[in-house]
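Please read the structure below before turning to the comments.
Because the structure is a prediction, the values reported are computed rather than measured. We count residues from 1, following the sequence as given. Excluded from the calculations below are hydrogen atoms, water molecules and symmetry mates; all remaining heavy atoms, backbone and side chain alike, are included.
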Amino acid sequence: MKITLPFLEETFNKFNKEIFDGQLSEPVFEPSRAKTFLGLCVRKPFTYQGKTQDIWILRFSIIIDLPKEQLEDIIIHEMIHYYIGSTGQQDSSAHGPLFLKIMDDINTRFGRHITVSGKLTKEQREQLIDKRRKWHVIAIVRFKDGREGFKVLPRVRESILRYKNTLQRSPEIDVVQLVWSQNVFFNRYPVSSAFRVHLSTNEELTPLLKDAKILQL
Ligand SMILES: [Zn+2]
């Protein structure tokens with residue numbers, strides 16, 4: 001399942017009661033499409049009429065698909081950061097001895113499997129790649145020595161032409177062909193007009209470009 005705002009609120013309230021004796025006031029929940037983290041706890045000082053208050057933001061990736069239990073563990077992990085920060089306790093680092101003590105205690109008492117690792121597994125990273133279909137401008141580049149590659153270009157006429165014309169003038173290059181493709185494979189590649197090529201093979205590219213359309217400029 002994926003994290004939604006109602007799931008966040010429900011989970012926060014449940015564990016606030018069960019684990020933190022209801023000591024945490026409701027933070028700002030921020031569902032995020034970020035691809036670099038699962039959860040984050042952020043403190044933002046906010047000054048109003050000369051008084052500074054902290055606003056706490058719990059931010060979670062809504063793209064990652066995990067079993068409910070694991071999502072709960074990720075939420076509780078951020079709640080520990082929130083608890084330490086909002087009660088003014090000091091730890092020597094983000095996951096210092098105080099964090100670890102609270103985490104181990106919760107794991108033992110409530111049978112959870114919270115970890116300190118914010119690192120994503122290979123599968124999780126793969127999941128975070130945007131799966132939405134969108135149109136890409138792809139330059140298919142064939143080198144005279146038989147190599148082949150591609151580049152995802154910005155959808156801007158001048159940038160596309162500059163890329164094509166510059167590469168086309170290079171003595172190593174046989175042909176640069178421009179196509180439109182909706183294949184989600186290309187979502188993971190940065191869009192830029194840098195004069196580079198991601199090397200690939202005809203065997204890899206042909207099936208990926210099966211539905212591509214020739215781009216005429
Ligand atoms: Zn953490």
Side-chain angles (χ1 to χ4, degrees), residues 1-44 54-87 89 91-134 136 152 181-191 204 207-208 211:
M1 65 174 283
K2 291 181 182 182
I3 284 182
T4 60
L5 196 53
F7 176 71
L8 264 181
E9 286 170 340
E10 193 186 301
T11 308
F12 178 88
N13 290 333
K14 177 174 188 264
F15 294 118
N16 188 23
K17 240 181 255 149
E18 281 179 19
I19 299 175
F20 298 96
D21 297 323
Q23 290 177 74
L24 302 173
S25 54
E26 190 158 311
V28 176
F29 294 115
E30 230 174 58
S32 165
R33 302 200 68 89
K35 296 167 193 174
T36 47
F37 61 86
L38 300 171
L40 267 185
C41 174
V42 183
R43 180 176 71 97
K44 273 203 179 145
D54 285 333
I55 294 183
W56 290 89
I57 302 168
L58 296 192
R59 204 174 278 161
F60 295 94
S61 169
I62 52 167
I63 306 176
I64 194 85
D65 196 340
L66 286 174
K68 187 173 179 220
E69 287 258 306
Q70 282 182 47
L71 292 178
E72 287 174 343
D73 286 343
I74 291 165
I75 295 172
I76 301 169
H77 175 119
E78 298 311 321
M79 289 174 78
I80 301 174
H81 285 303
Y82 177 38
Y83 171 75
I84 293 174
S86 63
T87 51
Q89 299 182 76
D91 206 351
S92 56
S93 65
H95 302 125
L98 179 60
F99 185 97
L100 294 179
K101 185 182 167 291
I102 298 171
M103 183 187 85
D104 289 341
D105 181 51
I106 294 172
N107 282 341
T108 313
R109 283 168 53 216
F110 300 93
R112 308 291 326 179
H113 300 91
I114 308 160
T115 61
V116 290
S117 159
K119 292 218 178 68
L120 307 181
T121 63
K122 193 161 174 279
E123 289 89 61
Q124 288 168 340
R125 273 203 310 275
E126 199 58 29
Q127 272 187 24
L128 289 177
I129 293 166
D130 202 338
K131 297 290 195 310
R132 286 173 296 176
R133 289 171 79 79
K134 49 190 165 195
H136 299 285
V152 184
S181 168
Q182 265 197 322
N183 198 310
V184 293
F185 168 82
F186 296 107
N187 286 13
R188 73 191 66 192
Y189 291 92
V191 175
E204 182 186 37
L208 290 171
D211 300 319

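With values rounded to the nearest 0.5 angstrom, Ile74 atom CD1 is found 11.0 Å from Thr11 atom OG1. A distance of 7.0 Å separates OG in Ser32 from CD1 in Ile63, rounded to the nearest 0.5 Å. Atom CZ of Phe20 sits about 4.0 Å away from atom CD1 of Ile106, to the nearest 0.5 Å. Leu8 CG to Glu26 CD: the interatomic distance, rounded to the nearest 0.5 Å, is 9.5 Å. For the atom pair OH (Tyr82) and CG (Asp54), the distance works out to 9.5 Å, reported to the nearest 0.5 Å. The CE atom of Met79 sits 7.0 Å away from atom CD1 of Ile19, with the distance rounded to the nearest 0.5 Å.
Summarising the local packing, CD of Gln182 is surrounded by more than 12 heavy atoms from other residues, nucleotides or ligands at distances under 6.0 Å. Within a 6.0 Å radius of NZ in Lys68, other residues, nucleotides and ligands contribute 12 heavy atoms or fewer. Atom NZ of Lys2 is surrounded by more than 12 heavy atoms from other residues, nucleotides or ligands within 6.0 Å.
By the side chain to side chain contact (heavy atoms under 4.5 Å, CB included) test, Asn107 is found to be paired with Met103, Arg112, Ile114, residues two or more places apart in sequence or in another chain being considered. Taking Pro31 as the reference, Leu5, Ile62 meet the side chain to side chain contact (heavy atoms under 4.5 Å, CB included) condition, with sequence neighbours excluded.
With contacts defined as side-chain heavy-atom distances shorter than 4.5 Å, the pair Ser86/Leu24 qualifies. Using a 4.5 Å heavy-atom cutoff, the side chains of Ile102 and Tyr83 are in contact.
A donor-acceptor contact closer than 3.5 angstrom is absent between the side chains of Asn183 and His136.
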